[in-house]
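Here is the naming used below: chain letters follow the sequence lines, and residue numbers restart at 1 for every chain. Below, all heavy atoms of this structure are taken into account, side chains as well, without hydrogens, waters or symmetry copies.
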Amino acid sequence: MHNIKDIRDNIDNFEKSLLKRNIKIEKANIGNLDKENRKLIQDKELLEKEKKNISKTKDQNLFEKSKEISKKIEKLSRDQSEIKIKLDTILSSLPNIPLDDVPVGKDENSNVEIKKFGEIKKFDFKPKPHFELGNSLNMLDFDLATKTTGSRFVFVKNQLALLERALSNFMLDTHINKNNYLEISPPLIANENTMYGTGQLPKFENDQFELVLDDKNDRKFLIPTAEVILTNMVKDKILQVKDLPLRFVASTPCFRKEAGSYGKDTKGMIRQHQFYKVELVSIVEPNNCNDELERMTNCATNILDLLKLPYRKMLLCTGDMGFSAEKTYDIEVWIPSENKYREISSCSSCSSFQARRMKARYKNSKNETNFVGTLNGSGLAVGRTMIAILENYQQSDGSIKVPDVLKPYMNNMEKIHNN
RNA sequence: GGAGAGAUGGCUGAGCGGUUGAAAGCACCGGUCUUGAAAACCGGCAAAGGGGCAACUCUUUCCUGGGUUCGAAUCCCAGUCUCUCCGCCA
């Protein structure tokens with residue numbers, strides 16, 4: 001959510017910044033609504049003051065007049081709230097402003113590669129895609145999931161289920177013990193206000209799985225990412241500066257409708273309606289957003305370093321960033337069967353954009369109340385990490401070598417194989 | 001599912017129709033004292049919104065939404081959440 005005051009003072013810059021994201025704002029409309037809103041507030045406050053004075057005098061002769069004023073106030077405040085709702089509807093659907101160092105572009109083709117890491121393994125056989133490997137191991141079953149549930153779900157069995165669990169635990173332990181994140185096991189369901197806070201609502205309702213409840217006013221959603229619930233842990237709070245930064249980590253299932261991605265990544269478990277993800281969330285002083293973004297991204301890539309998986313770090317362009325982000329790094333891991341890099345983590349700074357929606361504030365060293373900065377990043381997407389391990393660690397016989405760092409989590413198993 | 005109790009500022013907690021935006025304590029900030037710190041003492045300290053270059057000023061807010069009243073944190077109604085007891089249950 002943007003601060004209308006900032007927009008008012010600088011509407012041309014605001015327009016320009018959003019244009020970088022291909023968003024055209026109706027400048028005149030916003031300006032008029034804002035003016036109208038303030039006019040009505042002023043009129044209303046004048047009457048309120050008058051009314052207040054009458055009741056202070058306790059003069060019975062003026063009581064009738066006070067009643068009349070009440071009616072006028074009622075009307076004004078109805079009009080005003082209507083205008084305010086219109087204005088807020090517009091403002092709440094506008095994405096965050098990109099930072100200056102974010103490249104401008106309309107889609108992922110304009111993303112900028114920062115650096116490649118790790119070595120791409122040369123296979124002396126044709127590397128198989130993960131779903132073939134999983135299928136022949138009898139440890140990934142997509143057909144069964146289709147039968148029980150529907151498309152874009154999967155049964156993970158046997159040692160791959162262990163691998164999935166091992167990955168979660170390995171990532172969690174690393175972030176908790178090495179990177180100083182606080183482990184959280186959060187609710188997987190969020191209410192409407194929470195979803196609004198991080199920016200999933202109102203604009204992206206179609207991507208969410210909503211629960212069917214008896215009470216239509218009580219709306220609840222399966223979380224599309226733990227970012228939603230972890231970031232909202234500071235909703236409606238006024239924190240002390242000494243409490244910051246807060247760093248949370250959770251491994252949770254994530255649920256996404258993937259609306260509009262028909263025909264995209266239909267094979268395998270690249271794009272699923274449900275997947276595990278280890279999520280990092282930081283709550284910081286707004287000035288520290290940039291440093292924290294670098295730190296967080298390093299925490300994420302550190303996992304790939306330890307797993308010895310090749311990857312590259314991308315700086316997303318304006319057109320490819322998420323709604324709430326001011327700057328985003330994607331980490332892409334090497335997928336041998338596709339002969340390309342695929343997103344495995346996305347780390348974003350959201351400045352005070354989400355904080356303003358959540359009313360998450362802190363008192364700075366001067367004792368002034370201010371909105372916090374929020375960041376979120378995957379550290380990492382567990383399902384896609386499993387894909388990367390299957391493909392990068394595959395052997396010619398279809399077995400999968402277990403990465404060294406995971407062995408302690410998998411009964412010191414050397415290889416995942418069929419019998 | 002049944003029966004009660006409650007929801008007040010960053011936190012704890014008074015107030016139960018008229019200078020109450022709200023006592024007190026804690027926390028926090030500034031100062032005195034101290035070599036420094038602690039303690040003690042003095043002072044300050046809610047948020048949101050509007051107006052003003054500013055000093056400042058106005059309005060709203062005591063869970064949410066309605067209602068009663070000239071006037072509501074205080075009374076009435078509905079809802080949400082929390083706690084206790086009983087029942088049921090992973």
Side-chain angles (χ1 to χ4, degrees), chain A residues 1-11 30-92 185-197 211 213-221 229 232-246 253 283-286 352-373:
Chain A
M1 180 70 130
H2 297 285
N3 186 352
I4 182 70
K5 278 183 179 169
D6 298 343
I7 297 175
R8 187 149 69 214
D9 296 340
N10 229 331
I11 192 145
I30 292 175
N32 287 338
L33 287 172
D34 179 37
K35 263 184 218 145
E36 182 75 1
N37 179 239
R38 285 189 292 161
K39 171 84 170 63
L40 289 167
I41 287 172
Q42 283 174 44
D43 294 351
K44 186 178 75 166
E45 289 187 350
L46 214 64
L47 291 175
E48 277 167 344
K49 193 180 175 187
E50 197 180 341
K51 186 176 149 182
K52 209 173 178 177
N53 286 333
I54 289 177
S55 95
K56 266 189 195 156
T57 63
K58 301 186 203 172
D59 180 351
Q60 291 208 17
N61 299 319
L62 294 171
F63 287 178
E64 266 315 301
K65 187 166 180 208
S66 178
K67 280 186 183 179
E68 279 168 34
I69 293 175
S70 293
K71 287 205 183 86
K72 282 187 200 159
I73 291 176
E74 214 175 297
K75 165 90 169 66
L76 279 172
S77 95
R78 249 201 320 271
D79 292 350
Q80 187 260 331
S81 73
E82 244 174 64
I83 300 279
K84 186 74 186 359
I85 286 168
K86 274 188 198 164
L87 185 60
D88 283 348
T89 304
I90 294 174
L91 293 183
S92 65
S185 174
L188 304 179
I189 292 173
N191 64 27
E192 192 174 6
N193 187 259
T194 295
M195 296 287 280
Y196 174 82
L211 305 180
L213 300 176
D214 294 339
D215 180 357
K216 288 284 173 257
N217 293 319
D218 181 21
R219 303 185 68 192
K220 290 194 167 41
F221 301 81
I229 203 91
N232 273 283
M233 284 171 70
V234 295
K235 168 162 99 164
D236 291 323
K237 279 206 178 196
I238 300 183
L239 302 156
Q240 301 297 320
V241 66
K242 66 172 182 332
D243 299 331
L244 302 177
L246 291 171
I283 313 294
V284 301
E285 287 196 78
S352 295
F353 185 84
Q354 294 178 323
R356 211 167 281 123
R357 292 176 156 241
M358 293 188 298
K359 298 190 172 62
R361 293 164 291 180
Y362 78 108
K363 280 196 197 285
N364 66 19
S365 48
K366 288 182 206 142
N367 231 18
E368 300 161 335
T369 308
N370 206 350
F371 289 104
V372 297

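Pairing of A90(B), defined by two Watson-Crick or G-U wobble distances under 3.5 Å, is not identified with any nucleotide. Checking G43(B) for Watson-Crick or G-U wobble geometry (two distances, each under 3.5 Å) identifies C29(B) as its partner. The partner of A23(B) is absent, by the rule that a Watson-Crick or G-U pair needs both atom distances under 3.5 Å.
Taking 4.0 Å as the cutoff to heavy atoms of chain A, we find the contact window on RNA chain B bounded by G10(B) to G71(B).
Residue contacts for Lys67(A): at a heavy-atom cut-off of 4.0 Å it reaches the sugar-phosphate backbone alone, with no base atom in range. Looking at heavy-atom distances under 4.0 Å, Ser55(A) makes contact with a base. Backbone-only engagement by Ile238(A) is indicated by non-hydrogen atom pairs under 4.0 Å involving sugar-phosphate atoms exclusively.
The side chain to side chain donor-acceptor pair (under 3.5 Å) test applied to Arg8(A) returns Asp34(A), not counting sequence neighbours. Listed by chain and residue number, nothing satisfies the ring pair (Phe, Tyr, Trp, His ring centres under 6.0 Å) test with Tyr362(A) (two or more places apart in sequence, or in another chain). With sequence neighbours left out, Lys58(A) forms a side chain to side chain donor-acceptor pair (under 3.5 Å) with no residue at all.
Within the 4.5 Å cutoff, the side chain of Arg78(A) has heavy atoms near those of the Lys75(A) side chain.
Mapping Asn367(A) and Arg361(A) onto RNA chain B by nearest heavy atom places Asn367(A) at the nucleotide closer to the 5' end.
Here the separation of A3(B) from A78(B), taken at their P atoms, is 14 Å to the nearest Å. G36(B) and A23(B) are spaced 35 Å apart, taking the P atom of each and rounding to whole Å. Spacing of P atoms, C45(B) relative to A39(B), comes out at 22 Å, to the nearest Å.
To the nearest 0.5 Å, atom NZ of residue Lys86(A) and atom OG1 of residue Thr89(A) are 9.5 Å apart.
Near RNA chain B, meaning a heavy atom under 4.0 Å away, the residues from residues 40-50 of chain A are Ile41(A), Gln42(A), Glu45(A), Glu48(A), Lys49(A).
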Could you go through residues 65-74 of chain A and list every donor-acceptor pair under 3.5 Å that involves a side-chain atom there, pairing it with any protein atom two or more places apart or in another chain?
residue	atom	partner	partner atom	Å
Lys65(A)	NZ	Glu50(A)	OE2	3.1
Ser70(A)	OG	Lys51(A)	NZ	3.1
Ser70(A)	OG	Ser66(A)	O	3.1

